[in-house]
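Structure first, then comments.
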Amino acid sequence: MCAICLTTMKPGHGHAIFTAECSHTFHFHCITANVKHGNRICPVCRAKWKEIPFQNPSFSASTDIPRINQVSSQRDDAVATMLRRIPSQPANNVGGRRSSSLPNVPEPVVFDDDESLDQLAGTTQINNDAQTDHNVINTMEIKTYPEVSAVSKSASHDNFGLLVHLKAPKRNITESSSPTSVQNSRAPIDLVTVLDVSGSMAGTKLALLKRAMSFVIQNLSSSDRLSVVAFSSTACRIFPLQRMTDSGRQHALQAVNSLSPNGGTNIAEGLRKGAKVFVDRKFKNPVGSIMLLSDGQDTYTISSRPHIGTDYRSLVPNSIQRNNGSGLHIPVHAFGFGIDHDATTMHSISEISGGTFSFIEAEDVIQDAFAQCIGGLLSVVVQELQVEVVCVHPKLQLSSVKAGSYQTNLTANARTASIKVGDLYAEEERDFLVTLNVPVDKSSNEMSLLVVRGFYRDPMTKEMMGLVETSEVKIQRPSVARGQVVSIEVDRQRNRLRAAEAMDEARVKAERCDLSGAVSVLDNCHKALAETVSAKAGDRLCVALAAELKEMQERMTNQRVYEQSGRAYVLSGLSSHSWQRATARGDSTESTSLMQAYQTPSMVDMVTRSQTLILGSPQLGLRPAKSFPDRKKEK
């Protein structure tokens, strides 16, 4: 099977076959389309080729196609060609009623048939590498920023803001790193994809989904394991949890290519099967996650039970609910595909499980959206991170901890707060705004406010690591505090939180059909942000927030527009801000490029790889962008 187009390769069938120096084979026309812009990387094993197949220049596409604000004809050609290569099968109809006919794959009662882990490469070698480099790179960065540097002795300051900034360490890889060392620089994953193959997925959607799944399969290593669950009216595990060796990839591609569209949409059953893979497995990789994709509404659990209202927990198995103390901590990263999916359901599933919700409005960016997600999942460097903020001065009390969707706990005496952060991707950042009440204090010229401490698990060594405790955060207490400048860092995060609160308030009004009220909330927030210190300084995050608020207003111009795209766009934005993690949303035009706010270097690399695979050079989709705001290096 050709790993690019997912169709069989047999001599004499009218297609030339190219065998690369790494021994992987492809249709000649597929691989020439892939390498015509100079890409010399094998799509399967990522080996760097010394020689590449040559194609007649007359087949080369123009390279002066505008980069943004219009769909590239080059991408259209690539997608159209791919659709011709992957034939869509018509939905089955029995007596005029669509029936479910998922691949006839035998399922055991217990999913304990998962392939054993690659103990040598996946554990021994990783542990050795981690031990060698642990003291060099595996340290969390912690910074603190008080709102102002001084408060006069005779004054009190309620809700004094103090920002706690965290940044995960880098992966220990370079451009010259070998494929083995790259693989061993991260924790291997158990990934389960739960895919909607209902009748509405027929044609272009299913072909694009198969293409995106092929990309995921090709970018997993031999230490990673993948299982595929397909659902329509029922659900079926069509591929068990197996390592992505060359053979494993081949079998996974065959399973994905066997999918055909039919039946209704039973998301709950799909998730039940996906969670069962994790519950029943005999072996366990350090990282685990579910990727859920659907283009419709659950017609079996929610719609058929209208009296349960907003009880979306019935869709999510208890074993993967994040507030279940004995749960598996398996986040569901949900992808709403097209304009007909149930965004509220998909967003709720992701929130309940601790995952993110992405809105794929333009169907042809599904591969980029998957790429961004696995770019993060394949770079987990911190797990079970928990942070504590402890007051130092005896008269201090914490008044709030702004942590979005992260679970927080404030002690009864309000002097200690904890935040359960969980997993972090390489170089991923988190900002938490703590407020405290600073009392009058004439006893000293300075005041110690708090210290930050915590711990996390290193997924490579599986050891618990203590964070390097920050030195005491202090402010000056002069007799008179003059000319105080508000910290740009604190002001920036206040703006982010204020914008997220406005988005949520506007969404509530929009759901009540008060679109004018929703637009007013967003507009008032937009005006308020413009008057802040960081906005006046031209801060990039504030510029992006302003653009985001305007985009949401445009998607609330009338009920039809809100129903089609506004709701999903807002919910995906809220998901991104509440977890401080990148999500895909919208149609990926320039006006929505602000979704890159939380994108990590590993995500950028994987998205670039996705675009290169489709087009030969990066063009549209989730365009690479560094995380912002840019932070100046402190001396």
Side-chain angles (χ1 to χ4, degrees), residues 166 168 289 291-292 322 331-336 341 343-344 346-361 365 368-377 402-406 421-425 427-433 492-493 495-507 522 525 529 540-552 555 565-589 591-600 602-604 606-607 621-629:
L166 308 172
S289 186
M291 290 173 62
L292 166 69
R322 65 185 171 103
V332 177
H333 296 288
F335 296 82
H341 75 278
T344 305
M346 297 294 276
H347 175 259
S348 298
I349 289 170
S350 66
E351 279 292 304
I352 292 167
S353 65
T356 56
F357 167 59
S358 290
F359 169 35
I360 306 173
E361 183 177 19
V365 300
D368 292 347
F370 276 21
Q372 179 170 267
C373 183
I374 65 168
L377 292 173
K402 304 289 186 180
S405 291
Y406 294 101
V421 184
D423 292 4
L424 288 183
Y425 305 150
E427 299 181 74
E428 198 168 32
E429 301 177 32
R430 293 291 179 269
D431 290 290
F432 302 116
L433 188 62
R492 171 192 294 131
Q493 295 305 320
N495 284 344
R496 179 180 63 83
L497 294 166
R498 182 183 300 169
E501 289 171 0
M503 293 171 197
D504 195 36
E505 183 182 349
R507 182 190 65 84
L522 296 172
C525 181
L529 291 187
R540 292 184 64 204
L541 176 57
C542 293
V543 172
L545 289 171
E548 187 175 10
L549 291 167
K550 283 295 184 184
E551 178 75 18
M552 290 182 179
R555 291 176 184 261
S565 70
R567 176 185 291 118
Y569 187 88
V570 172
L571 287 173
S572 184
L574 286 172
S575 176
S576 183
H577 289 306
S578 67
W579 293 113
Q580 298 182 57
R581 180 160 280 171
T583 62
R585 64 191 136 122
D587 56 6
S588 298
T589 60
S591 64
T592 61
S593 64
L594 50 93
M595 70 183 129
Q596 324 297 12
Y598 306 108
Q599 210 176 41
T600 67
S602 296
M603 290 177 172
V604 171
M606 195 64 73
V607 172
L622 308 180
R623 286 180 304 282
K626 292 183 178 179
S627 299
F628 59 85

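Hydrogens, waters and symmetry mates are skipped; everything else that's a heavy atom, side chains included, is used.
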Residue set satisfying side chain to side chain contact (heavy atoms under 4.5 Å, CB included) with Glu501, at least two apart, ordered chain then number -> Lys402
[atom1]-[atom2] distance between [X] and [Y], expressed to the nearest 0.5 angstrom:
X      : Y      : atom1 : atom2 : result
Asp368 : Ser358 : CG    : OG    : 12.0 Å
Leu545 : Met503 : CG    : CE    : 6.0 Å
Gln599 : Gln372 : CD    : CD    : 4.5 Å
Arg492 : Asp431 : CZ    : CG    : 8.5 Å
Glu428 : Met603 : CD    : CE    : 5.5 Å
Leu522 : Glu551 : CG    : CD    : 11.5 Å

Does the structure place the NZ or CZ of Arg585 under 6.0 Å from the centre of the six-membered ring of Tyr569, at an angle of no more than 45° from the ring's axis? yes
His577 and Tyr598, any side-chain heavy atoms less than 4.5 Å apart: yes
Is there a side-chain contact between Leu571 and Arg507 in this structure, where contact means two heavy atoms from C-beta onward sitting under 4.5 Å apart? yes
Taking ring pair (Phe, Tyr, Trp, His ring centres under 6.0 Å) as the definition, give me every residue that meets it alongside Phe335, ordered by chain and number, with sequence neighbours left out. Phe370
Quick one: list whatever passes side-chain hydrogen bond (donor to acceptor under 3.5 Å, both in side chains) with [X], sequence neighbours left out.
X      : answer
Thr344 : none
Thr356 : His333
His347 : none
Ser572 : Thr583

Relative to the ring of Phe357, is the ring of His341 parallel (under 30°), tilted (30 to 60°) or perpendicular (over 60°)? tilted
Nearest heavy-atom contact between Thr600 and Tyr425 is CG2-CB, 4.5 Å
Return the minimal non-hydrogen interatomic distance between Cys525 and Ala499, and the atom names on each side. SG-CA, 3.7 Å
Considering the options Arg322, Glu351, Arg581, which one meets the side-chain hydrogen bond (donor to acceptor under 3.5 Å, both in side chains) requirement together with Ser405? Glu351
Short question: side chain of Arg430, backbone of Gln580 - any donor-acceptor pair under 3.5 Å? yes
Give a yes or no on whether the backbone of Gly376 and the side-chain of Ser602 come within a donor-acceptor separation of less than 3.5 Å. no
How far apart are the C-alpha atoms of Leu574 and Asp504, what are their side-chain angles, what is the distance that settles it, and do they pass the side-chain contact (heavy atoms from CB on, under 4.5 Å) test? CA-CA 7 Å; Leu574 286 172; Asp504 195 36; 3.8 Å; yes
So Met346 and Leu292, side-chain contact (heavy atoms from CB on, under 4.5 Å) or not? Walk me through it. CA-CA 9 Å; Met346 297 294 276; Leu292 166 69; 3.9 Å; yes
Determine whether Met291 and Ile374 satisfy the following criterion, side-chain contact (heavy atoms from CB on, under 4.5 Å), listing intermediate values before the conclusion. CA-CA 9 Å; Met291 290 173 62; Ile374 65 168; 3.8 Å; yes
